[in-house]
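Below, chains carry the letters A, B, ... as their sequence lines are ordered, and counting in each starts from 1. Note: hydrogens, waters and symmetry copies are ignored here, and every other heavy atom, side chains too, is used. Only a predicted model underlies this, so the values are computations on that prediction, with no experimental measurement involved.
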Amino acid sequence: MIDQRLLRTDLDGVRASLARRGSASLLDDVDAAAELDTRLIDITARRDAIRARVNTISKEVGQLRRDGNTVAAEALQTESRELGDDERSLAAEHDVVSTTLRNLLLGIPNLPHPDAPDGTGDVDNPVVKGPIGPTDAAERLRVPHWETATQLGVLDNERAVKISGAMFTMQRGAGATLVRALCQYGLDLNADVHEEVRPPSLVTSATLTATGQLPKFADDAYAIERDDLWCIPTAEVPLTSIYADETLDDTRLPIRMMAHSASYRREAGSAGRDTRGMLRAHEFDKVEILALAMPEQAPALLDDMVARAERAIAGLGLTYRIIEICTGDMGQSHHRSFDIEVYAPGVDAWLEVSSISWFSDYQARRANIRFRRHDADGKPVKGTEYVHTLNGSALAVPRVWAAIIETHRNDDGSVTVPEVLRPYMRGIERIESRS
RNA sequence: GGAACGGUGGCAGAGUGGACGAAUGCAGCCGCCUUGAAAGCGGCCGGCCGCAAGGCUCGGGGGUUCGAAUCCCUCCCGUUCCGCCA
């Protein structure tokens with residue numbers, strides 16, 4: 001959520017910032033929210049005045065009864081009972097307005113960073129680095145990974161579909177080992193500063209709301225309705241909420257964590273797209289890195305996390321570039337965002353393999369994650385602030401897997417395993433046909 | 001899944017309708033004492049919203065009442081026992 005106070009103190013600033021996202025109806029929502037906020041303040045003030053009076057009366061009644069002054073006590077009780085009717089109707093109005101306002105606020109996206117590039121869609125995302133590596137593939141590389149991998153017996157999507165339906169994938173033999181190797185590689189590369197976490201894969205609605213998936217994007221996630229649980233679309237979801245409703249000490253920040261998890265996505269609206277191979281699937285493995293930080297720590301962390309994602313890709317000998325996400329293409333919760341794209345020669349396309357984002361305090365406000373500062377003498381400063389959250393894929397398996405198969409394909413149809421992965425693959429140097 | 005008992009401030013733990021935002025202990029903060037520290041002594045000390053007045057907060061929600069940590073309903077969570085299970 002954005003800071004509700006900004007609606008009162010800097011409505012024009014909020015409107016100008018969100019206008020960069022390019023949605024007219026969004027500005028209507030902002031205006032509506034500002035109006036509700038004003039009403040809510042008025043209602044709250046009137047309700048609280050009545051409550052204050054009732055509280056005072058109750059204390060007086062208690063005193064009068066102790067003193068045995070029943071007549072006076074009963075007179076006050078009558079007054080209080082009448083006040084109760086007003087209080088109830090104001091409280092009901094307060095609940096309606098504040099619920100409406102909250103639902104509206106939950107749907108209002110984050111304010112983009114001033115330096116985020118303007119644009120209306122993904123075509124406006126500027127390339128900020130690269131391409132690094134060749135983009136002119138040889139003939140032997142012009143083979144989509146699903147052909148190479150199926151032939152090698154390391155990808156068996158036909159049977160995955162039999163088991164689970166369309167858009168599920170299955171890796172076998174060295175292909176399965178490669179999945180696990182990539183995960184372990186991604187973790188080891190980031191273990192220097194990140195705590196490894198194995199979070200739950202099923203989370204509550206509250207948890208999925210904190211990171212921004214609910215309420216607006218419910219259709220994108222798998223729901224287990226009977227138990228009111230959701231399959232995580234990314235480890236970002238449980239990791240961010242680890243410290244939900246907690247106040248952290250500034251000395252502990254930044255808190256940096258990483259997790260390997262499965263990610264589940266319904267891909268509603270993309271049926272029929274990228275149905276072959278490993279480019280899009282309902283379930284995939286990913287190593288996520290995440291940081292909770294003080295606002296002033298965030299920019300450097302963002303740079304560091306992009307560099308880490310880049311290092312993982314570069315180490316695998318893949319061709320890649322880094323793009324920055326423009327205001328028109330940003331996700332709801334994003335403040336500033338970078339993608340790493342890998343060139344896949346077999347399908348001759350740039351594949352998004354990593355997305356690293358800074359969320360400012362947007363998620364922390366939803367998740368209620370605060371921190372307390374200490375002054376130079378180590379004394380706690382009065383009041384708390386929301387942390388900033390950042391996260392990104394350190395290594396998203398399927399598309400990297402695909403790019404490896406396509407990039408490191410040999411003339412004979414075998415695939416050379418990148419050197420850095422061999423320790424995780426029982427020394428396998430080449431993936432060769434099993435038959 | 002069944003049964004029993006629980007959920008109170010950073011922690012431990014009192015409190016069964018009014019003087020309770022909450023005893024007491026520990027931790028923390030300030031001061032005294034001390035060469036320094038410990039001990040001792042005195043004082044302060046939960047959080048959120050609000051410029052303030054004030055409001056909210058004893059697991060969540062609802063109810064009874066002039067008034068609820070306390071009574072009622074409901075949901076959630078925990079512990080123990082039983083059942084089931086990797």
Base, sugar-phosphate, or nothing: which does A:Arg46 touch, judged by heavy atoms less than 4.0 Å apart?
nothing
Strictly below 4.0 Å, N to O, side chains only: are A:Arg20 and A:Asp118 in salt-bridge contact?
yes
Write down the distance separating the P atoms in B:A37 and B:G46, rounded off to the nearest Å.
27 Å
In Watson-Crick or G-U wobble terms, with both distances under 3.5 Å, the base opposite B:G1 is B:C82
Under 4.0 Å, counting only non-hydrogen atoms across every strand here, what does A:Thr384 touch: a base, just sugar-phosphate, or nothing?
sugar-phosphate
Using the C1' atom in both, what is the distance from B:U24 to B:C45, to the nearest Å?
15 Å
Output the rounded distance in Å from CD1 (A:Ile41) to P (B:A53).
18 Å
Taking the P atom in each of B:C48 and B:G10, what is the distance between them to the nearest angstrom?
10 Å
Distance check: side-chain N/O of A:Arg47 vs OP1/OP2 of B:G54, anything under 4.0 Å?
no
Looking at A:Glu246 and A:Arg370, is there a salt bridge between them, counting it only when a charged N and a carboxylate O are closer than 4.0 Å?
no
Decide, yes or no, whether a salt bridge links A:Arg53 with A:Glu79 under the criterion of side-chain N to carboxylate O below 4.0 Å.
yes
How many Å lie between CD on A:Glu87 and C1' on B:C56, as a whole number?
12 Å
In terms of side-chain geometry, is the basic nitrogen of A:Glu267 or A:Arg280 positioned less than 4.0 Å from the acidic oxygen of its partner?
yes
Between the protein and nucleotides 16-20 of chain B, which nitrogen or oxygen pairs are less than 3.5 angstrom apart?
from: B:G18; atom 1: O2'; to: A:Arg66; atom 2: NE; distance (Å): 3.4
from: B:G18; atom 1: O2'; to: A:Arg66; atom 2: NH2; distance (Å): 2.7
from: B:G18; atom 1: N2; to: A:Ser58; atom 2: O; distance (Å): 2.8

Could you give the CG-to-P distance, from A:Asn368 to B:C56, as a whole number of Å?
20 Å
Please measure how far the P atom in B:A39 lies from the corresponding atom in B:C20, and state the result in whole Å.
32 Å
Is A:Glu87 paired with A:Arg51 through a side-chain N to carboxylate O contact shorter than 4.0 Å?
yes
Interface polar pairs with nucleotides 7-12 of chain B, N/O, under 3.5 angstrom:
none

Suppose we define a pair by two distances each less than 3.5 Å, Watson-Crick or G-U wobble; what does B:C51 pair with here?
none
Would you mind reading off the distance between A:Leu83 atom CG and B:G55 atom P, rounded to a whole angstrom?
13 Å
Mind checking the C1' distance from B:U8 to B:G40? Whole angstroms is fine.
32 Å
Atom C1', compared across B:C5 and B:A22: separation rounded to whole Å:
24 Å
Tell me the interatomic distance from A:Asp95, atom CG, to B:G61, atom C1', rounded to whole angstroms.
11 Å
I'd like to know if A:Arg372 pairs up with A:Glu385 as an ion pair, taking the criterion as any Lys NZ or Arg NE/NH1/NH2 lying under 4.0 Å from an Asp or Glu carboxylate oxygen.
no
So, is A:Arg365 near the phosphate of B:C48, with a side-chain N or O under 4.0 Å from OP1 or OP2?
no
When rounded to the nearest Å, what value does the distance between P atoms of B:C77 and B:A69 take?
25 Å
For A:Asn55 and B:A68, give me the distance from atom CG to atom P, rounded to whole Å.
8 Å
Between C1' of B:G50 and CZ of A:Arg8, the distance in whole Å
9 Å
Identified side-chain hydrogen bond (donor to acceptor under 3.5 Å, both in side chains) partner of A:Trp358 from the options A:His334, A:His388, A:His335, A:His113
A:His388
Should B:A38 form a Watson-Crick or G-U wobble pair with both distances under 3.5 Å, which nucleotide is its partner?
none
Sort out the partner of B:G6 for me: Watson-Crick or G-U wobble, both distances under 3.5 Å, none otherwise.
B:C77
Just checking A:Arg311: does its CZ atom have more than 12 heavy atoms from other residues, nucleotides or ligands closer to it than 6.0 angstrom?
yes
Check A:Glu35 with A:Arg8, please: is the shortest side-chain N to carboxylate O separation under 4.0 Å?
no
For A:Arg81 and A:Asp48, take the nucleotide of RNA chain B holding the closest heavy atom to each; which residue's nucleotide lies nearer the 5' end?
A:Asp48
Taking the nucleotide of RNA chain B with the closest heavy atom to each, which residue, A:Ala49 or A:Arg88, is nearer the 5' end?
A:Ala49
In whole angstrom, give the distance that lies between atom CG of A:Asp37 and atom P of B:G50.
11 Å
Under 4.0 angstrom, heavy atoms only, what part of the nucleic acid is A:Arg53 near: base, sugar-phosphate, or nothing?
nothing
Whether A:Arg15 and A:Asp31 form a salt bridge (side-chain N of Lys/Arg under 4.0 Å from carboxylate O of Asp/Glu) is what I want to check.
yes
Are the charged groups of A:Asp156 and A:Lys162 less than 4.0 angstrom apart, N to O?
no
Inter-nucleotide C1' distance (B:G62, B:A68), Å rounded
14 Å
